[in-house]
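First the proteins, then the strands, lettered A, B, ... as listed; each starts at 1.
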2 protein chains.
Amino acid sequence: MPTSPGRTSSRASARVGLSAVIISVEGTTPLLLTVEASAAFPGEDAGFPGDDAGGGPGLACLPGAHLDDSLDGTLEQGVRRLVSTQTGLPVRYFEQLYTFGDRDRVPGERELAVAYLALVRYQAVQGPGCPRWQDFYQLFPWEDWRNGRPEVIDRAIIPAIEAWLAASAPDRLATRTERADLTFGLRHARWDPVRVLDRFELLYELRLADEAAARLAAGPARAAARVSPTPGSSGGSRRRGGPREAADGAWQPRARSTGLGVPLALDHRRIAAAALERLRGKLAYRPVVFEVLPESFTLSRLQQVVEAFAGQALHKQNFRRLVGAANLVEPTGEEDLRTGGRPAELYRFRREVLRERPAPGLGLRRLGGP
Amino acid sequence: MPTSPGRTSSRASARVGLSAVIISVEGTTPLLLTVEASAAFPGEDAGFPGDDAGGGPGLACLPGAHLDDSLDGTLEQGVRRLVSTQTGLPVRYFEQLYTFGDRDRVPGERELAVAYLALVRYQAVQGPGCPRWQDFYQLFPWEDWRNGRPEVIDRAIIPAIEAWLAASAPDRLATRTERADLTFGLRHARWDPVRVLDRFELLYELRLADEAAARLAAGPARAAARVSPTPGSSGGSRRRGGPREAADGAWQPRARSTGLGVPLALDHRRIAAAALERLRGKLAYRPVVFEVLPESFTLSRLQQVVEAFAGQALHKQNFRRLVGAANLVEPTGEEDLRTGGRPAELYRFRREVLRERPAPGLGLRRLGGP
DNA sequence: TGGGTATATGCTCACTTCGAGTATAAGTGC
DNA sequence: GCACTTATACTCGAAGTGAGCATATACCCA
């Protein structure tokens, strides 16, 4: 229903986009579903995601659509519609993630994106928009600590941080050092798997995320503005430590530095980072993992999947003790013989726990390693 | 900048409202800031919040405004603008809460609300919209357990739940019983202070929240639709237990049952419930309490405020051990002599903890009582 | 002046949880 | 049979949690 003119000023309305971060897992690989840029908003003019203004052609993006007032009674219904249209996947878990609304997140017009997190069991996809599963850690190579500290941190990130600190005005040095330490677990700080978004934003400012370089060419002020709002659970918290870096003429990026990880169109990689952060945070206190697993599974498989999302290896014996104590699963009585060793018991998720305990999750308090 | 017609279909745009849940504390009372309905969206036609369609005149509502494309580079800037215009309060913490977008949350047109949580230190307010501090627990009397189990639970809520269960079809009984037990900590389930929104939604369905009755008169389907999306951290999780109650002709509300708690206009009390839930959840792992406290405070005062938000009394000695162990505060060296007993040491918040530990909060794992 | 009361603060103790290691069970392939 | 792989069980010390007891220092009032 169009808003009646004279009652609604043109300023007061904006396009409302819906974005879906669809997550699954296959083997030990956490997966993100992307589509071709041209397909995300079918029927749009050219000039949207994938062309040169957005950072070169061929960038994938998140499945998205605009809210359709006649079809979508609720936002979630809208997202369900778009997921089923573009991918056909049955979604097992839905959660609103964050609403992105910076003025210039889409060049040329004001467009909000209400982003949703969706979990599905893995299956091959096809659809109008060439949907494709992507390894999450190809987008965020620094987030995968399962095989130890990712080499990209020492090779590229720490040097960039040091250069950034070296170029800092003295009054900013302390703040910046603190921020870098905390975000990447340097010095005395420990790596916190959950701070995915903080890390992405810092790398973005350091021009180590490729979108930054492209966007920067269009004008530094815009690039800086895009970074300012901070979604997710760590929301406004960090603002208290003093204002974050404003647009800062002093620091010049290395010309066209190699971007780290595979970029997505526009701010979609940022949205994906917010989703990974939310997912990791939830692992500890909500039984969300089970939504990407089949009906029955072995404990090793469960651990594999948790490790895939957490980006961290876990202590095997403690993991099963935790799962046992949490009463999250029950044995089906069957066995998986394909283990290559002793057969593993198969388990199923006990949905009843949802009513038994306030916050049923694998109580991974600090997502502790092995 | 107006969207150019012909490019944007009328369906794809909606009004974007911004809502602020401004929270503070005075004494032992947690506070929510409301304004007169007519002031929330100045310059609107009549027919918005406070008139009879919304549940009777005189209902207060949350401070709100529409996104102004020319003024608000980001959503957060927009909320800052509206808070400062309508209340003049200096906000110390900001966090995006949830985006509400059901078709009929505002009668007559599609309007999104992007809600923000804001924390301020208490001070008297005045402004164009008659801003007023409200006791949070007058809106949600069942949430305050500081002086034991609130009488309203046994007097009104449990009877209503029992009537609801008695009127249930047999195949729904189990699901409904589970839901009620879990939500209100009946039987074997424990009361979980965080599940504020679950409780509000159940009471809403039971017609114990006043907005429901008013809205119901306009048409049951609409009322049911408004309940469907579930914001906050417990987002989609509960959907897994099977679909929630759909619009259900079988259960008839008692005619005009006494509403529990003070209602707000439209769905604003729901938004406030989401905010309280978020705040309670955050207490444990982010040092947000300090944003409503003055620079220096006694440990008892700190505990008082935590208890006010948590709605639960805490064990004093353990609380101070927790605070001490968390290294969240440091003594100022001064004392508060107005205690009426032994003078209390004054402390200040150590902002450095934000960089030392991943999730610095009062580690109230289960918000454990005394 | 001294006791009663209120508040603040320090400490103990049993119990649970957590991290890490060691040991055993039960399959496969040769 | 053996070597190898994976699954599962159990142990033990360190740290954290919940509850209570004890002490310190103010005020009030007889």
*asked:* The criterion is side chain to side chain contact (heavy atoms under 4.5 Å, CB included); which residues satisfy it with A:Arg320, sequence neighbours excluded?
replied: A:Leu299
*Lys/Arg-Asp/Glu bridge criterion (N-O < 4.0 Å) met for B:Glu178, A:Arg351*: no
*Once you round it to whole Å, what is the distance between P of D:dA9 and NE2 of A:His315?*
15 Å
*Just by protein heavy atoms under 4.0 Å, how would nucleotides 8-14 of chain C read 5' to 3' in B, S and -?*
BBBBB--
*Report the distance from atom CD of A:Gln304 to atom C1' of D:dA7, rounded to the nearest whole Å.*
13 Å
_I'd like to check the side-chain hydrogen bond (donor to acceptor under 3.5 Å, both in side chains) partners of A:Asn318; sequence neighbours left out, ordered by chain and number._
A:His315, A:Arg321
*Could you list the residues that satisfy ring pair (Phe, Tyr, Trp, His ring centres under 6.0 Å) with B:Phe184, not counting sequence neighbours?*
none
*To the nearest Å, give me how far apart CZ (B:Phe297) and P (C:dT7) are.*
20 Å
*Can you list the residues that meet the ring pair (Phe, Tyr, Trp, His ring centres under 6.0 Å) rule with A:Phe309, with sequence neighbours excluded?*
none
*Separation of atom CG in B:Leu322 from atom C1' in D:dA15, rounded to whole Å*: 13 Å
*Once you round it to whole Å, what is the distance between P of C:dG19 and CG of A:Leu314?*
10 Å
_side chain to side chain contact (heavy atoms under 4.5 Å, CB included) against A:Glu345, all qualifying residues, sequence neighbours excluded_ = A:Pro331, A:Tyr347
*asked:* Expressed as a whole number of angstroms, how long is the span from B:Asp336:CG to D:dC27:P?
replied: 12 Å
